[in-house]
Amino acid sequence: MSVARTLSPVLAALALACTTALQVGQNGGSTSPAITAQDLSTRLYIFADDSMLGRQFGTQGNLKGTQYIANELAKMGIQPGGTGGTYFQDVPAYRVALSPDARVFVDGAPLTLGSDFITNFPGSGRAIPIDSLQVVYGGDLSDTTTLIPPDQVAGKAVLLSIRTPLQRNPGQILARYAGARAIITANDPRTVRPYAVTISTDTTPARVNLVVSPSVAARLVGGDPLTLRAGTLGRWVRFSSIGFTRSAAPARNVIGIIPGTDPALRGEYVALGAHNDHLGIRFAGPLDHDSLRAYNIIANRIVEARTHATPGTPGGGLTAAERASIHVNVDSLHRMRPARMDSIYNGADDDGSGSVGALEIAEAFAKSGVRPRRSLIFVWHTGEEAGLLGSRYFTDNPTVPRDSIVAQLNMDMIGRGGAFDFVGGGPTYLQLVGSRRLSTELGDIVEAVNRSEPTPLSFDYSFDANGHPERIYCRSDHYEYARYGIPITFFTTGLHMDYHQLTDEPQYIDYEHMRKVAQLVHDVALRVGNLDHRVVVDKPKPDPRGTCVQ
């Protein structure tokens, strides 16, 4: 696809976004009982504002976001569902960082933490002792055919390059090198957060791995790794005083309850959820918002033209030649408006949209006088971006009996899905995942309720297919309920060019589309809450301690 033919629509889209941002926004913070596009916009411009600092798990930004949700629940008069009569369930979390006296040397020369290298951060906060290791080049992580056999890395530090962005979690690939004393990947250490937040209480020492800059990777093996034969031996790396600090980090779920109207069924709950966290602040510093967005739009269009599908990761799936072909005319962008340097991941769609959608649904039930026979429990989970940590903690330690939860409806990224965002998208597009994996009846209910809506949505079940490479069923909070045999449905309008980017901001949300999704979830909750029986589970339940399989 010609870049020249792609750039004009991109500029037009950016110009439209500038105009839309001025037309849609807050109305002073007041909202109405009904689920409306204006209310969703009002809430999202607050929740995804820069002042929330990206709402990263285990940080003050996430505390600010969760406090906003709790304040809104209190204004609605919704019953606290957390611990100690509060809206909060504290999640035990720990911040793990590299000890300040840790050092890494190559041929006796020290590397600079943050620019030359960064380590992993084991949840235990303890490292398996290492001293000096010889490096062996293991191959290209993005091409498994280049990787050397596991027996060649025993007792060494294996260096792995990454030619193109990985489309899948490399964990399974890395597991094959369990015999290596350390794994080193070539990437930009400045893009890696210099700490991790975990809920693990395991204190078992773990292997120390490194991310090193491309220039350091070349020093380790005497040249560009991608030009070398896998298995080439390199320099020796020496580690000194490698250790970690582990301290308490703030983390909490937000929980509200609306009691049911039937005394006989009030002890059962329909759960509705979203995740309140996002990615925080870009530690490598700010980027120009408009040029970043233009690049990602063009990258998506190139891949879509070749594959007829939207890539799961912005910039993912590009060939080296396609990547080199993209040239964004920054001067043209800046003639529309001055450069906007941005370092905060606002997470408007991910998952500001689900979070404020859940608030709108809660307000509709609280203020309209229409409540189901069963109770409703709303949970805004923390730590989804860190590995579903808040939802795992809640389902392991629920504030209501676990077997009283009859179903869970999860919303994550419900604010986009138009044709500009997604191949096959449109004003009624919606992906459903998991709706019949445990209960045929729940899937049928969602379909029936949708048919009764004034504007039925068009369901895309393709991402729910067994073995789908995106593994969406395993990637959001609903799975933590499903692992205990609780029927779930996951509602999402899908990934797009702003996914996990600095450009995921409120001005790009389709609020009317989002309203339709939130209304559907409200109506499904009402239908399930009024059933004269529990939703029937007619499919095998997974092992709650096993690995998720889609």
Side-chain angles (χ1 to χ4, degrees), residues 94-106 110-142 144 146-163 165-166 168-198 200 202-221 225 230-231 233-246 283-284 386-387:
Y94 309 92
R95 178 178 172 129
V96 179
L98 191 65
S99 298
D101 55 349
R103 299 288 185 271
V104 179
F105 301 85
V106 177
L111 300 182
T112 301
L113 177 64
S115 57
D116 287 339
F117 82 98
I118 194 78
T119 68
N120 66 324
F121 304 98
S124 65
R126 299 177 64 195
I128 296 173
I130 48 177
D131 184 11
S132 294
L133 300 175
Q134 187 176 23
V135 174
V136 58
Y137 177 53
D140 180 5
L141 262 182
S142 50
T144 56
T146 69
L147 299 179
I148 61 177
D151 59 3
Q152 291 189 34
V153 306
K156 295 182 174 64
V158 57
L159 171 67
L160 299 166
S161 54
I162 306 174
R163 186 184 301 271
L166 299 178
R168 303 184 191 179
N169 190 316
Q172 289 182 334
I173 300 174
L174 299 181
R176 70 184 282 169
Y177 294 132
R181 295 287 305 282
I183 292 178
I184 304 174
T185 50
N187 211 325
D188 185 352
R190 297 172 302 169
T191 64
V192 179
R193 189 175 295 119
Y195 62 87
V197 180
T198 176
S200 173
D202 182 9
T203 58
T204 304
R207 180 174 63 187
V208 175
N209 297 323
L210 301 180
V211 174
V212 301
S213 67
S215 61
V216 170
R219 284 171 58 190
L220 290 175
V221 289
L233 293 176
R235 310 282 197 223
W236 286 75
V237 180
R238 182 167 68 85
F239 300 84
S240 175
S241 302
I242 297 295
F244 298 90
T245 60
R246 193 170 189 263
F283 286 92

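The CZ atom of F117 sits 7.0 Å away from the CG atom of L210 when rounded to the nearest 0.5 Å. Put simply, CD1 on I162 and CG on N187 are 5.0 Å apart, with the number rounded to the nearest 0.5 Å. The CD1 atom of I118 lies 9.5 Å from the OG1 atom of T191; values are rounded to the nearest 0.5 Å. Distance check: Q134 CD to L220 CG gives 11.5 Å after rounding to the nearest 0.5 Å. Residue F239 holds its CZ atom at 4.0 Å from CD1 of I130, rounded to the nearest 0.5 Å. The distance from the CG atom of L147 to the OH atom of Y177 is 4.0 Å, given to the nearest 0.5 Å.
Minimum heavy-atom separation, S200 to T198: N-OG1, 2.9 Å. Among all heavy-atom pairs drawn from A186 and A217, the shortest one is CB-CB, 3.8 Å. Nearest heavy-atom pair across A206 and P122 is CB-CB, 3.5 Å.
In this structure, I184 and V135 have side chains that are in contact, with non-hydrogen atoms separated by less than 4.5 Å. For the pair V136/L159, no side-chain contact is recorded, criterion being any heavy-atom separation below 4.5 Å from C-beta on. The closest side-chain heavy-atom distance from L133 to K156 is not below 4.5 Å.
Defined by atom type and a distance below 3.5 Å, a donor-acceptor pair is present between the side-chain atoms of S161 and Y137.
Here salt bridge (Lys or Arg N to Asp or Glu O under 4.0 Å) pairs that include residues 186-198, with residues two or more places apart or in two chains, are D188-R190. The side-chain hydrogen bond (donor to acceptor under 3.5 Å, both in side chains) analysis of residues 204-214, with sequence neighbours excluded, yields the pairs D202-T204, R207-N209, S213-S215. Sorted by first and then second residue, the salt bridge (Lys or Arg N to Asp or Glu O under 4.0 Å) pairs involving residues 233-244 (not counting sequence neighbours) are D107-R235.
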**Request:** Test L160 against D140 for side chain to side chain contact (heavy atoms under 4.5 Å, CB included), laying out the working first.
**Result:** CA-CA 6 Å; L160 299 166; D140 180 5; over 6 Å; no
**Request:** Applying side chain to side chain contact (heavy atoms under 4.5 Å, CB included), run through V96 and R126 and close with a yes or a no.
**Result:** CA-CA 9 Å; V96 179; R126 299 177 64 195; over 6 Å; no
**Request:** For the pair L98 and L113, evaluate side chain to side chain contact (heavy atoms under 4.5 Å, CB included) and give the outcome as yes or no after the intermediate values.
**Result:** CA-CA 10 Å; L98 191 65; L113 177 64; 3.8 Å; yes
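Residues forming a side chain to side chain contact (heavy atoms under 4.5 Å, CB included) with A127 (at least two apart in sequence, or on another chain): V208, I242, F244. Remark: S115 pairs with T112 by the side chain to side chain contact (heavy atoms under 4.5 Å, CB included) rule, at least two apart or across chains. Partners of A196 by side chain to side chain contact (heavy atoms under 4.5 Å, CB included), not counting sequence neighbours, listed by chain and number: F121.
Here the side chain of R176 pairs no donor or acceptor atom with the backbone of P150 at under 3.5 angstrom. Checked by atom type and distance alone, the side chain of S99 pairs as donor or acceptor with a backbone atom of G243 at under 3.5 Å.
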